[in-house]
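The structure presented is a predicted model; accordingly, all values stated were derived computationally and were not measured. Only this structure's heavy atoms are used, side chains among them; waters, hydrogens and symmetry mates stay out. Numbering starts at 1 and runs along the sequence shown. Counting convention: from 1, in listed order, for ligands and their atoms alike.
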Amino acid sequence: LKIVRPTTQRYEGKEVEKKKKREKLSALCKTPPSVVRTRTGRGYHRGLFLGEGGFARCFQMKDETGKIFAAKTVAKASIKTEKTKTKLLSEIKIHKSMNHPNIVQFIDCFEDDINVYILLEICPNQSLMDLLKARKSITEPEARFFSVQIAGAVKYLHSRRIIHRDLKLGNIFFDPDMNLKIGDFGLASSMGADTKKRYTICGTPNYIAPEVLGGKEVGHSFEVDIWAIGIMIFALLFGKPPFQNKDVQVIYERIKANDLKFPSSHQISYSAVRLIKKLLSPSPMERPSIAEILESPWFREGLFPSRITMESLRKTPKSL
Ligand code: ADP
């Protein structure tokens with residue numbers, strides 16, 4: 001099975017391959033110069049290294065007024081083929097057109113001889129994956145709070161005919177006020193007016209929907225994002241994604257067999273289990289719409305925190 005943007009690097013458990021990739025990426029992507037100047041003459045001062053994905057490295061960038069942004073930096077040396085170039089341009093085009101409180105705001109895009117820079121709103125409190133690593137699992141009210149924000153952003157994306165296709169805890173960041181922001185539009189697909197399905201096999205193993213694994217014959221559409229919401233709610237409540245295995249092929253087999261088990265180690269409400277089962281329906285047609293998700297008993301009946309503070313990043317908050 002060939003996965004676009006090799007998923008071994010995106011598989012959250014494969015540290016060795018990640019390290020190799022990091023070394024290769026570091027060799028390609030030189031640290032940006034201390035001042036990056038845009039064609040229109042604006043200057044940005046490079047700050048701290050923020051993190052890296054399969055494709056880009058991210059640095060803080062300060063503008064001349066002192067405002068801080070995140071710059072996703074892609075080495076030109078890594079954009080060798082037309083296909084890679086088209087994909088980067090597509091990411092920029094899609095992300096640029098987004099404007100929603102729960103989507104990382106695109107600010108600007110520029111280049112120098114070495115890199116292409118995508119300037120973004122900074123999310124200094126890391127991602128939902130970092131929160132889960134620190135907390136192991138989170139409470140249902142917190143998961144409900146986060147899921148509403150994610151669902152709101154996905155509703156917006158889908159209303160604009162965009163499928164994200166790589167929704168996962170590591171791509172959902174916290175802004176300074178602890179609001180969630182969906183980022184990384186590297187695998188997003190614009191459906192335009194056409195209703196045809198997409199056939200590229202892509203995503204991150206733990207989050208891939210079964211119809212994506214069906215490949216060329218089956219095709220996939222907006223419902224892959226709904227599936228990913230199900231995976232994320234499960235992971236937040238139980239501490240790991242439902243089909244987790246150290247062998248990627250086993251993950252795929254478990255996804256295809258809908259081998260869904262709810263560990264008894266966590267006392268999770270019946271309404272959460274029902275919603276997760278519905279979100280992880282093998283048939284895309286059976287999955288709920290965003291409106292149906294938000295109407296489900298899990299959202300309507302449970303505790304809902306008025307706000308989430310930074311305390312949640314480290315421990316179960318006292319006031320829930
Ligand atoms: P890739 O497309 O290569 O997967 P990502 O968009 O996932 O790149 O970004 C790589 C890393 O950079 C993230 O894991 C995160 O640590 C950091 N990062 C990305 N966007 C932001 C942001 N807006 N604010 C702060 N850090 C960010």
Do the charged groups of [X] and [Y] touch, with an N to O distance under 4.0 Å?
{"X": "Arg287", "Y": "Glu292", "answer": "no"}
{"X": "Lys96", "Y": "Glu91", "answer": "no"}
{"X": "Lys72", "Y": "Asp184", "answer": "yes"}

*asked:* Show every salt bridge (charged side-chain N to carboxylate O under 4.0 Å, His left out) that has at least one partner inside residues 31-40, sequence neighbours left out.
replied: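 Residue pairs passing salt bridge (charged side-chain N to carboxylate O under 4.0 Å, His left out), neighbours aside: Arg37-Glu64, Arg39-Glu111.
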
Using a 4.0 Å cut-off to any heavy atom of [X], which atoms of ligand 1 qualify?
{"X": "Ala70", "result": "22 (C), 23 (N), 24 (N)"}
{"X": "Gly51", "result": "11 (C), 12 (O), 16 (O)"}
{"X": "Val104", "result": "23 (N)"}
{"X": "Asn171", "result": "7 (O)"}
{"X": "Glu121", "result": "22 (C), 23 (N)"}

Would [X] count as a polar contact of ligand 1, with the cut-off being nitrogen or oxygen pairs under 3.5 Å?
{"X": "Cys123", "value": "yes"}
{"X": "Glu91", "value": "no"}
{"X": "Ala56", "value": "yes"}
{"X": "Gly54", "value": "yes"}
{"X": "Phe55", "value": "yes"}

Ligand 1 contact on [X] by region, counting heavy-atom pairs under 4.0 Å:
{"X": "Lys72", "value": "side chain"}
{"X": "Glu52", "value": "backbone"}
{"X": "Leu50", "value": "both"}

_Main-chain N/O of Ser312 paired with Lys315 side-chain donor or acceptor, under 3.5 Å_ =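 Side chain of Lys315 to backbone of Ser312, a donor-acceptor pair under 3.5 Å: no, none is there.
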
_Stacked cation flag Arg144 on Trp298, 6.0 angstrom / 45 deg_ =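 Here Arg144 passes the 6.0 Å and 45° test against Trp298.
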
*Hey, which of Phe173, Phe145, Phe146 is the one that makes side-chain contact (heavy atoms from CB on, under 4.5 Å) with Leu180?*
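Checked Phe173, Phe145, Phe146 against Leu180; only one passes side-chain contact (heavy atoms from CB on, under 4.5 Å): Phe146.
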
Taking distance alone, no hydrogens or angles, what donor-acceptor pairs closer than 3.5 Å link side-chain atoms of residues 120-129 to residues at least two apart or in another chain?
{"unit_1": "Glu121", "atom_1": "OE1", "unit_2": "Gln105", "atom_2": "N", "d": "2.8"}
{"unit_1": "Glu121", "atom_1": "OE2", "unit_2": "Lys181", "atom_2": "NZ", "d": "3.0"}
{"unit_1": "Asn125", "atom_1": "ND2", "unit_2": "Asp175", "atom_2": "O", "d": "3.1"}
{"unit_1": "Ser127", "atom_1": "OG", "unit_2": "Met129", "atom_2": "N", "d": "3.2"}
{"unit_1": "Ser127", "atom_1": "OG", "unit_2": "Asp130", "atom_2": "N", "d": "3.4"}
{"unit_1": "Ser127", "atom_1": "OG", "unit_2": "Asp130", "atom_2": "OD2", "d": "2.9"}

*Aromatic ring proximity Phe110/Tyr44, centre distance under 6.0 Å*: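 So the answer is yes for these two rings.
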
